[in-house]
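Below is one structure, written out as structure tokens, with a few remarks after it.
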Amino acid sequence: MPPKLPKPEELANVNYKPPKKWWQKGTAEIKEGFWCFGSRPKYLQAVDMPNPREWKPTDEDWKLPDNWREIFLEGMAERLQKYRSFHLFMDICVRCGACADKCHFYLGTGDPKNMPVLRAELLRSVYRKYFTPSGKLLGKIAGARELTPDVLKEIWTYAFQCTECRRCSVFCPYGIDTAEITIIARELLNLLGLNTDWIMGPVANSYRTGNHLGLEPHTIKSNIDFMLDDIETVTGIKVEPSFNRKGAEILFVTPSGDLFGEPGIYTCMGYLMLFHELGLDYTWSTMAAEGGNFGFFTSNDMAKKLAYKIYSEAKRLKVKWILGGECGHMWRVWNQYFDTWHGPADFLEAPVSPITGTRFENAKGSKLVHIAEFTSDLIRHKKLSLDPTRNDHLQVTFHDSCNTARGMGIFEEPRYIINNTCNHFYEMPENTIREKTFCCGSGSGLNAGENMEQRMRGGFPRANAVQYVKERHGVNMLANICAIDRATLKPLMDYWVPGVNVAGVHELLGNALIMKGEKERVIDLRGEPLPGKEGA
Amino acid sequence: MPAIECYGQKIELDNEGYLVNFDAWTDDVACAIAEREGITELTKDRLEVIRFMRQYYKQYRAFPILSSVCKNIHQPTGCLHEEFIDPLRAWKIAGLPKPGAEVISYLRK
């Protein structure tokens with residue numbers, strides 16, 4: 001049974017007074033509600049990762065290989081050599097503390113080791129001890145620490161108490177990307193078989209089936225058929241998408257959460273309706289039915305391995321370019337890593353919207369276009385008929401997903417879509433949106449059930465900003481462009497800000513979209529009556 | 001490993017209460033798991049839900065979209081939460097193996 005979640009008023013009472021104990025001692029306090037189960041051996045075996053065994057973070061013995069210290073330090077040496085950014089970030093921090101109160105986990109827990117500077121220092125102290133002359137000679141005086149079992153457990157605890165959201169990096173005067181330090185810390189921990197079940201399950205599924213949920217091709221088809229049936233009920237229109245169709249112009253890829261979870265399926269219905277209305281020459285792939293990549297929370301090599309299926313499918317199906325749905329870390333990976341890993345994608349063409357003729361110059365290298373860019377371009381060219389009054393019952397605010405905001409600068413496009421599909425849109429405070437957006441508190445593979453207190457604490461700053469617009473404007477809908485957000489923000493809202501619902505931007509679009517030949521709309525995509533149609 | 005008694009037969013469950021052997025499932029086993037899960041009566045509506053889930057799993061080897069369950073058996077939207085509070089409880093009673101953690105996260109209300 002997951003540990004009992006304290007009441008919101010208890011959690012909101014955060015104690016920011018630092019403990020007296022000197023942090024360098026290395027304490028491995030694995031608190032209930034703050035950790036995720038260790039990966040089951042079958043998932044590690046499925047992708048040939050080291051040290052598969054049953055283990056639990058609260059166990060004294062983590063069943064590590066005898067030479068675990070050597071493995072960790074050799075892994076660190078290799079990465080210091082390979083990634084100049086990592087080496088630089090280990091050296092240049094002056095511990096000014098500008099990042100300290102920018103982390104949602106610090107704000108929600110008051111735990112100093114959740115200050116990005118100190119979280120990174122857990123690994124930096126080991127770096128100093130083994131890789132710098134001052135640390136080797138002066139030890140503790142130079143801020144160096146031995147890599148002891150307790151220090152290892154401490155690094156694990158805080159590497160999985162960071163969502164790699166990069167808000168801290170926005171405020172760092174040196175531009176240190178603490179997320180990259182977490183990423184490397186997790187890579188090193190993976191060398192010892194120290195990943196979580198929640199991350200490795202989707203990795204293994206993705207390796208086997210091409211998607212995190214492990215949906216097989218006929219199941220994907222069946223799930224989409226169910227959505228098509230609902231679309232017909234709402235609009236009277238029969239939508240008939242194609243699957244694995246060779247020669248289509250565009251391959252569409254979205255996170256598999258949109259094919260299964262609520263409210264993601266309503267976002268997916270929005271995509272299906274939009275593409276039908278445009279008469280878009282596109283296809284789904286049942287082999288690459290996943291834009292997300294939990295390999296990114298495992299290691300660079302695993303992320304690369306899992307990513308290739310998308311280009312591979314694009315090549316097999318002979319499409320011209322790839323359109324991607326609403327997701328967060330999927331876009332971090334697509335936008336920042338694809339070209340380096342697998343580029344140049346010269347078997348594809350530079351993306352051009354077949355409806356407006358717009359050339360997506362920013363995507364001419366990777367050939368990957370974000371659906372918010374695609375749709376906002378359609379609206380700007382007046383290619384869609386929209387009736388925003390259908391969303392008049394919604395007072396909407398927008399949560400910028402960390403990865404699309406800070407990872408690729410998608411700020412205006414989703415807002416442009418919302419403003420054209422809804423009449424009531426309100427921004428959260430300036431320092432909680434756009435590049436300063438607060439994380440949902442559950443990204444980067446922390447969306448499990450056993451760490452719910454950690455998640456609710458981490459999501460507290462975001463929820464607080466939603467509470468602000470709820471009180472001032474009656475906000476009742478939190479829109480977003482991320483599948484993980486759609487899964488995590490609902491429990492967060494139910495806990496901190498009850499009465500606020502969660503939707504993908506393309507769900508709002510699907511509701512507002514006037515389709516040719518549609519019947520009079522009386523219900524929305526969730527089957528709820530539209531405003532003014534309650535008695536219909 | 002925990003087990004339940006059902007008409008003198010020992011039925012094995014895993015540590016979290018999921019049936020170990022898919023084929024060991026019968027209506028009586030369902031009743032015994034339901035009781036363990038705190039559901040005292042398997043009404044006709046509840047039985048419809050779990051029979052559908054079993055059938056769906058056989059064909060698709062996956063957890064169905066929640067609203068598709070209700071739609072397929074002509075029950076009101078939200079029938080799973082209405083009847084079982086937690087959809088996973090229905091899944092357990094249907095004698096199906098524990099779904100992946102990501103699937104579970106999407107089931108959370």
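Just so it is clear, the model here is predicted, and its values are computed rather than measured. So that the names make sense, note that chain A is the first sequence line, chain B the second, and so on, each numbered from 1.
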Given a strict heavy-atom distance threshold of 4.5 Å, which part of B:Thr77 is in contact with chain A: side chain, backbone, both, or neither?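 Contact with chain A is absent: no heavy atom of B:Thr77 under 4.5 Å.
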Please state whether the side chain, the backbone, both or neither of B:Pro99 comes within less than 4.5 Å of a heavy atom of chain A.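 The answer is neither part of B:Pro99.
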Would you find more than 12 non-hydrogen atoms of other residues, nucleotides or ligands less than 6.0 Å from [X] atom [atom1]?
X: B:Glu82; atom1: CD; value: no
X: B:Gln9; atom1: CD; value: no
X: A:Tyr495; atom1: OH; value: yes
X: B:Arg61; atom1: CZ; value: no

Is there a side-chain contact between B:Lys71 and A:Thr233 (heavy atoms, below 4.5 Å)?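 Contact flag for B:Lys71/A:Thr233 side chains = yes.
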When you compare the side chain of B:Tyr106 with that of A:Arg486, does any pair of heavy atoms fall below 4.5 Å?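 A side-chain contact is absent here, since even the closest heavy-atom pair is not under 4.5 Å.
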Does any N or O in the side chain of [X] come within less than 3.5 Å of the main-chain N or O of [Y], such that one atom is a donor and the other an acceptor?
X: A:His218; Y: B:Gln59; result: yes
X: A:Thr219; Y: B:Tyr60; result: yes
X: A:Glu262; Y: B:Ser67; result: yes

Examine whether an atom of [X] lies under 4.5 Å from a heavy atom of chain B, and if so say whether it belongs to the side chain, the backbone or both; otherwise answer neither.
X: A:Met452; result: side chain
X: A:Ile199; result: neither
X: A:Ala483; result: both
X: A:Asn205; result: neither

Can you see which heavy atom on [X] is nearest to which on [Y], and at what distance?
X: B:Tyr56; Y: A:Ser222; answer: OH-OG, 4.0 Å
X: B:Ser105; Y: A:Trp198; answer: OG-CZ2, 3.4 Å
X: A:Leu213; Y: B:Val103; answer: CD2-CG2, 3.6 Å

